[in-house]
Amino acid sequence: RVGAPESPAKPVGTSTPKAAAGSRSQGADPHEGGRLASLCREVEICRSCELHRGRTNTVFGEGDTSAKLMFVGEGPGADEDAQGRPFVGRAGVLLTRIIEAMGLKRGQVYIGNIVKCRPPGNRVPEPDEIASCLPYLEKQIETIRPEIICTLGNVATQTITGERRPISEMRGKTYAYRTSKVVPTYHPAACLRNPDCKKLVCED
Ligand code: URA
């Protein structure tokens, strides 16, 4: 939902000054916000996979559309489904704290997910659900052109890199996705379950 111009309470962040720490200071395309807004409307009516049946809201993504840094999670949970915004539940509170610990504000980065509708009972999205939804994320990345994509957890990391190794093996190294550098780390939900992960996330 975020990204649509008619939802002023959930800005895409286009008003963020381009010189801000998390944004590209040059080369930002003034049409980025519009492109994402129309993609967001496509997502809102998407019925490409079975996940659309259980959703309250689609969760498109939000943040600065010219951010240097983009976070990619797995998919909406109950809070995100209720609000139509990514990472607003407990894991989201922790992600926001991580972003702030980096010296950035949440509005200076872009936050998206692999799938835009909540999997029932928060199960892991199925490969066919990921495949149906992935073109939306690909277009988001193509539009935002972040320097760094920080993938959160196994699903995001494996989907973006195409590798099948667990996050415990993949973190600590960087990968390439088109022109972006991919930095995998643990999902904030994993840090809530196992506080030892927090230190590793800080290192990443
Ligand atoms: N977990 C995710 O992977 N994404 C969200 O938006 C919220 C929780």
Side-chain angles (χ1 to χ4, degrees), residues 1-4 7 9-13 36 39-40 43-44 46 49 51-52 54-65 67 69-100 104-127 129-134 136-138 140-141 144 146 148-161 166-168 170-171 177 182-195 197-198 200-201 204:
R1 292 175 65 80
V2 182
S7 20
K10 301 167 185 172
V12 286
L36 289 176
L39 187 63
C40 178
V43 167
E44 280 173 347
C46 179
C49 81
L51 291 183
H52 80 273
R55 74 184 174 216
T56 307
N57 287 297
T58 54
V59 178
F60 181 68
E62 68 182 18
D64 185 344
T65 57
L69 174 60
M70 175 168 181
F71 288 90
V72 177
E74 179 175 313
D79 295 307
E80 291 77 20
D81 175 65
Q83 295 186 40
R85 297 181 57 206
F87 282 98
V88 290
R90 279 183 70 219
V93 170
L94 180 54
L95 178 62
T96 303
R97 281 179 46 210
I98 291 166
I99 292 165
E100 288 170 355
L104 295 171
K105 295 195 170 76
R106 183 174 157 120
Q108 288 179 298
V109 303
Y110 196 90
I111 304 175
N113 275 307
I114 296 292
V115 295
K116 314 301 193 210
C117 296
R118 183 190 181 203
N122 295 345
R123 65 159 169 73
V124 171
E126 299 287 351
E129 295 159 352
I130 294 175
S132 316
C133 215
L134 197 56
Y136 297 126
L137 181 65
E138 286 169 347
Q140 285 174 297
I141 295 172
I144 296 163
I148 294 173
I149 300 172
C150 180
T151 51
L152 302 168
N154 281 318
V155 171
T157 303
Q158 293 178 352
T159 303
I160 295 289
T161 64
I167 187 65
S168 54
M170 293 199 65
R171 62 161 291 279
Y177 178 88
V182 178
V183 178
T185 196
Y186 286 100
H187 194 287
C191 299
L192 292 173
R193 289 190 298 269
N194 177 4
C197 288
K198 275 192 203 165
L200 301 172
V201 170
D204 296 334

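Whatever order the structure lists ligands and atoms in, that order sets their numbers, starting from 1.
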- Item | Contacts of Arg193 that satisfy salt bridge (charged side-chain N to carboxylate O under 4.0 Å, His left out) - sequence neighbours left out |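 Scan of Arg193 (salt bridge (charged side-chain N to carboxylate O under 4.0 Å, His left out), adjacent residues dropped) gives none.
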- Message: Applying salt bridge (charged side-chain N to carboxylate O under 4.0 Å, His left out), can you list everything that pairs with Arg55, at least two apart in sequence or on another chain?
- Response: none
- Without swapping roles, check the side chain of Glu80 against the backbone of Gly89 for a donor-acceptor pair under 3.5 Å.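 Answer holds: yes.
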- Message: Quick check against the 3.5 Å criterion: does Asp64 have a side-chain atom that pairs as donor or acceptor with the backbone of Gly107?
- Response: no
- Item | Sub-4.0 Å heavy-atom environment of ligand 1, residues by chain |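 Contacting ligand 1 under 4.0 Å are Gly73, Glu74, Gly75, Glu80, Pro86, Phe87, Asn113, His187.
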- What pairs with Phe87 under ring pair (Phe, Tyr, Trp, His ring centres under 6.0 Å), at least two apart in sequence or on another chain?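 Phe87 satisfies ring pair (Phe, Tyr, Trp, His ring centres under 6.0 Å) with His187 once adjacent residues are dropped.
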- Task: Kindly determine whether Thr157 and Arg171 satisfy side chain to side chain contact (heavy atoms under 4.5 Å, CB included), including the steps that lead there.
- Result: CA-CA 9 Å; Thr157 303; Arg171 62 161 291 279; over 6 Å; no
